[in-house]
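Have a look at the structure below, then the notes.
Values below: all heavy atoms of this structure, side chains included; hydrogens, waters and symmetry mates excluded.
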Amino acid sequence: MKSLWMLSASFLFSAMAVIVKMGAEEFGSLELIFYRSLAGVIMLYGFIRAKGYTIATPHLFGHFKRSFIGTFSMSLWFFSLTMLPVGTSMTLNYTSPLFMAAFMIIFAVMRKQALNWGLILSILLGFAGVCLVLQPSFESGQELGALLALSSGFLGSIAYWQIKELGQLKEPSWRIVFYFTLFGTFYGLIGNLLFEGGLSPITSSNVIYLIGMAVCATLAQVSLTMAFGQGNVLLSSCLQFSAIVFAELMGLYFFGDALSLTTELGIGVIMVAGVIATVLAKKQQ
């Protein structure tokens with residue numbers, strides 16, 4: 001099932017987050033978007049040329065919509081991280097699957113189609129597990145940060161829907177990611193020059209962070225695009241929560257972050273939700 005590519009995407013995004021955390025003091029947020037996108041453009045264009053493929057497409061506006069919405073959503077989340085506790089920001093950002101489920105319900109009602117309510121409930125169960133792991137807290141004066149993180153989740157769901165539409169138009173995953181990284185390169189560079197005062201020096205000690213981040217981000221985007229573009233939207237949305245599990249385990253391994261009983265319970269809930277969703281989607285085929 002193509003949706004299982006989401007497990008690969010979640011692992012790679014979590015690995016990227018670990019690398020970004022290690023090198024966070026070296027680079028600005030928009031600068032990181034620029035470098036991860038630029039490296040993606042270079043790697044993907046090399047792949048395209050080697051395979052004899054072409055970046056020409058009749059759906060250029062569709063790529064622009066997906067790229068703009070996805071990149072803007074990522075920027076909002078980065079900004080929210082400076083205003084909120086990490087757990088709260090990540091929880092609100094991970095409302096994307098909830099919005100995806102809401103879209104599916106609305107479309108099913110409008111088209112008078114049957115809907116797999118088991119998958120919908122699996123998404124709700126997975127989000128409950130996310131809340132147990134991250135234990136979001138909210139204080140007065142953090143309304144703007146919460147709004148930015150929630151907006152990031154909402155826009156992220158729209159970007160994923162754009163991926164699904166491009167997949168239905170037979171656009172290959174590598175082309176979708178190529179245009180996404182191309183847009184992110186210009187977006188990150190212009191934003192960095194305007195708001196962060198220019199690029200930071202690259203040294204032999206920090207270049208490894210850029211390389212690792214770029215490789216993980218590019219492969220993660222390809223995997224995510226495979227999942228949403230060619231797989232079951234609801235199953236992919238539920239499996240997206242597995243990134244929280246990978247992130248917690250990597251935090252334990254790389255940074256010695258302790259896992260509380262509540263966190264372990266939340267991880268178990270997320271894993272159960274993923275298994276249930278996979279079984280239900282398999283039966284639906």
State, to 0.1 Å, how close [X] and [Y] come at their nearest heavy-atom pair, and which atoms those are.
{"X": "V233", "Y": "F228", "value": "O-CE2, 3.9 Å"}
{"X": "V215", "Y": "M43", "value": "CA-CE, 4.0 Å"}
{"X": "T91", "Y": "C131", "value": "CG2-SG, 3.9 Å"}
{"X": "Y179", "Y": "L60", "value": "CE2-CD1, 3.7 Å"}

Could you check whether any side-chain N or O of [X] sits under 3.5 Å from a backbone N or O of [Y], counting only pairs where one atom can act as donor and the other as acceptor?
{"X": "K164", "Y": "G231", "result": "yes"}
{"X": "S260", "Y": "T263", "result": "yes"}
{"X": "T181", "Y": "F178", "result": "yes"}
{"X": "S157", "Y": "F154", "result": "yes"}
{"X": "S73", "Y": "I69", "result": "no"}
{"X": "N93", "Y": "L76", "result": "no"}
{"X": "S80", "Y": "G145", "result": "no"}
{"X": "E196", "Y": "L30", "result": "yes"}
{"X": "S75", "Y": "T71", "result": "yes"}

Q: Evaluate side chain to side chain contact (heavy atoms under 4.5 Å, CB included) for L189 paired with L38, printing each intermediate quantity in order.
A: CA-CA 9 Å; L189 179 60; L38 177 62; over 6 Å; no
Is [Y] close to [X] at the side-chain level, that is, under 4.5 Å between some pair of heavy atoms?
{"X": "I202", "Y": "Y35", "result": "yes"}
{"X": "T225", "Y": "F180", "result": "no"}
{"X": "I48", "Y": "T54", "result": "no"}

Step through the shown structure and confirm whether more than 12 heavy atoms of other residues, nucleotides or ligands are within 6.0 Å of [atom1] on [X].
{"X": "F103", "atom1": "CZ", "result": "yes"}
{"X": "F246", "atom1": "CZ", "result": "yes"}
{"X": "M271", "atom1": "CE", "result": "no"}
{"X": "F195", "atom1": "CZ", "result": "no"}

Q: Establish whether I176 and L182 are linked, either directly or via other cluster members, by ILVMFWY side-chain heavy-atom contacts under 4.5 Å.
A: no
Q: To the nearest 0.5 angstrom, please state how far the OH atom of Y94 sits from the CD1 atom of I244.
A: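 One finds 4.5 Å between OH of Y94 and CD1 of I244.
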Q. Which residues satisfy the side-chain hydrogen bond (donor to acceptor under 3.5 Å, both in side chains) test with Q221, sequence neighbours excluded?
A.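 Only R66 meet the side-chain hydrogen bond (donor to acceptor under 3.5 Å, both in side chains) criterion with Q221.
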Q. Taking it one step at a time, do F183 and F64 satisfy ring-ring contact (aromatic ring centres under 6.0 Å, His included)?
A. CA-CA 8 Å; F183 181 89; F64 173 78; 5.8 Å; yes
Q: Would you check, one step at a time, whether the test side-chain hydrogen bond (donor to acceptor under 3.5 Å, both in side chains) holds for S96 with Q240?
A: CA-CA 9 Å; S96 290; Q240 193 176 12; 5.4 Å; no
